[in-house]
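Treat the numbers as computed from the prediction; the structure is a model and nothing was measured.
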Amino acid sequence: MSAKKYDLIFSLGAACLCSSMLRKKNLQIHSYPLDWVFGGDFTSRVDLLVSDFADYINKEDLVFTGKQNEAKNNLCDIYFNKRTNMGFNHDFPVGLPFEEAFPIVKAKYERRINRLIENINRAKDILIVYTVPP
């Protein structure tokens with residue numbers, strides 16, 4: 001019996017663990033919109049996917065948590081999206097004012113969203129992976 005082949009494998013999250021494991025097994029090479037964010041539950045992540053990520057990253061929904069991540073090579077301020085209940089801890093560089101960082105982060109997530117939607121539309125067999133962090 002041979003292993004099932006998928007045209008697309010992507011992560012719904014939650015948090016970094018899922019995408020990290022897919023990359024470790026060479027099953028994912030692109031970043032998608034839910035790979036590196038924490039929070040939200042399975043249902044809210046599916047709702048975002050179904051809505052083509054409507055209202056996923058609106059400036060007015062983001063609140064600075066007062067914290068930074070602990071990454072040595074990518075120290076970032078953590079922003080929480082009060083609409084989606086998800087946190088962005090890898091995107092807003094420490095020391096870069098929010099007004100300057102936001103357009104860069106928004107453009108990055110728009111690319112990831114568009115990439116995912118395009119890949120879904122081209123794929124026949126899709127595997128969506130979701131993990132719950134310990």
note = Here the gap from Asp47 atom CG to Asp41 atom CG, rounded to the nearest 0.5 Å, amounts to 8.5 Å
remark   = side-chain contact (heavy atoms from CB on, under 4.5 Å) with Phe10: of Leu22, Leu27, Val129, Ile120, only one passes, and it is Ile120
inquiry  = Using the rule that Ile, Leu, Val, Met, Phe, Trp and Tyr join whenever any side-chain heavy atoms are under 4.5 Å apart, tell me whether Phe64 and Leu96 fall into a single cluster.
reply    = no
ask   = Considering all heavy atoms of both residues, which atom of Cys18 and which atom of Gly13 are nearest to each other, and what is their separation?
value = CB-O, 3.5 Å
key: Ile113 side, atom CD1; Asp52 side, atom CG - distance, nearest 0.5 Å   = 9.0 Å
request  = Consider only side-chain heavy atoms of I, L, V, M, F, W and Y, link residues closer than 4.5 Å, and tell whether Val37 and Phe42 are in one cluster.
outcome  = yes
key: Ionic contact status for Glu99 with Lys59, cut-off 4.0 Å   = yes
ask   = Is a side-chain N or O of Ser51 found less than 3.5 angstrom from the main chain of Leu48, in a donor-acceptor match?
value = yes
Pairs touching residues 122-131 that satisfy side chain to side chain donor-acceptor pair (under 3.5 Å), sequence neighbours left out = Asn119-Arg122
inquiry  = Would you call the rings of Trp36 and His90 parallel, tilted or perpendicular, taking 30° and 60° as the class edges?
reply    = perpendicular
request  = Identify the heavy atoms of Val94 and Cys76 that sit nearest to each other, and give their distance.
outcome  = CG2-C, 3.6 Å
message = Tell me whether Lys67 at atom NZ has more than 12 heavy atoms from other residues, nucleotides or ligands lying less than 6.0 Å away.
response = no
key: Flag, side chain of Asn81 to backbone of Arg83, donor-acceptor distance under 3.5 Å   = yes
ask   = Are Phe92 and Phe98 an aromatic pair by the rule of ring centers under 6.0 Å?
value = yes
ask   = Quick one: CG on Leu8 to CG on Leu116, what's the gap to the nearest 0.5 Å?
value = 6.5 Å
remark   = Between Ile57 and Tyr109 the two heavy atoms that sit nearest each other are CD1-CD1, 4.1 Å
Side-chain touch Leu34/Met86, heavy atoms, less than 4.5 angstrom = yes
ask   = What about the rings of Phe102 and Tyr79, do their centers lie closer together than 6.0 Å?
value = no
request  = Measure the spacing between OG of Ser11 and CG of Asp35 and express it to the nearest 0.5 Å.
outcome  = 4.5 Å
task = State the CZ-CD1 distance between Phe88 and Ile78, to the nearest 0.5 angstrom.
result = 12.5 Å
ask   = Is the closest side-chain heavy-atom distance between Tyr6 and Ile126 below 4.5 Å?
value = no
key: hydrophobic_cluster_shared for Phe53 and Ile104, side chain cutoff 4.5 Å   = no
query = Taking all atoms of both residues into account, what is the closest heavy-atom pair of Tyr56 and Pro33, and its distance?
reply = OH-O, 2.6 Å
query = Is there a side-chain contact between Arg115 and Arg112, using heavy atoms and a 4.5 Å cut-off?
reply = yes
request  = Return yes when atom CD of Glu70 has more than 12 non-hydrogen atoms of other residues, nucleotides or ligands closer than 6.0 Å, and no otherwise.
outcome  = no
message = Using only atom types and a distance under 3.5 Å, with no angle test, would you say the side chain of Arg23 pairs donor to acceptor with the backbone of His30?
response = yes
query = At what distance, to the nearest 0.5 angstrom, does NZ of Lys82 lie from CG of Asn58?
reply = 10.5 Å
key: Any donor-acceptor pair under 3.5 Å from Asn69 side chain to Asn89 backbone   = yes
inquiry  = If you compare all heavy atoms of Pro93 against all heavy atoms of Asp77, which two are closest, and at what distance to 0.1 Å?
reply    = O-OD2, 4.1 Å
message = I need the minimum non-hydrogen distance between Ile9 and Tyr32, along with the two atoms involved.
response = O-CE1, 4.3 Å
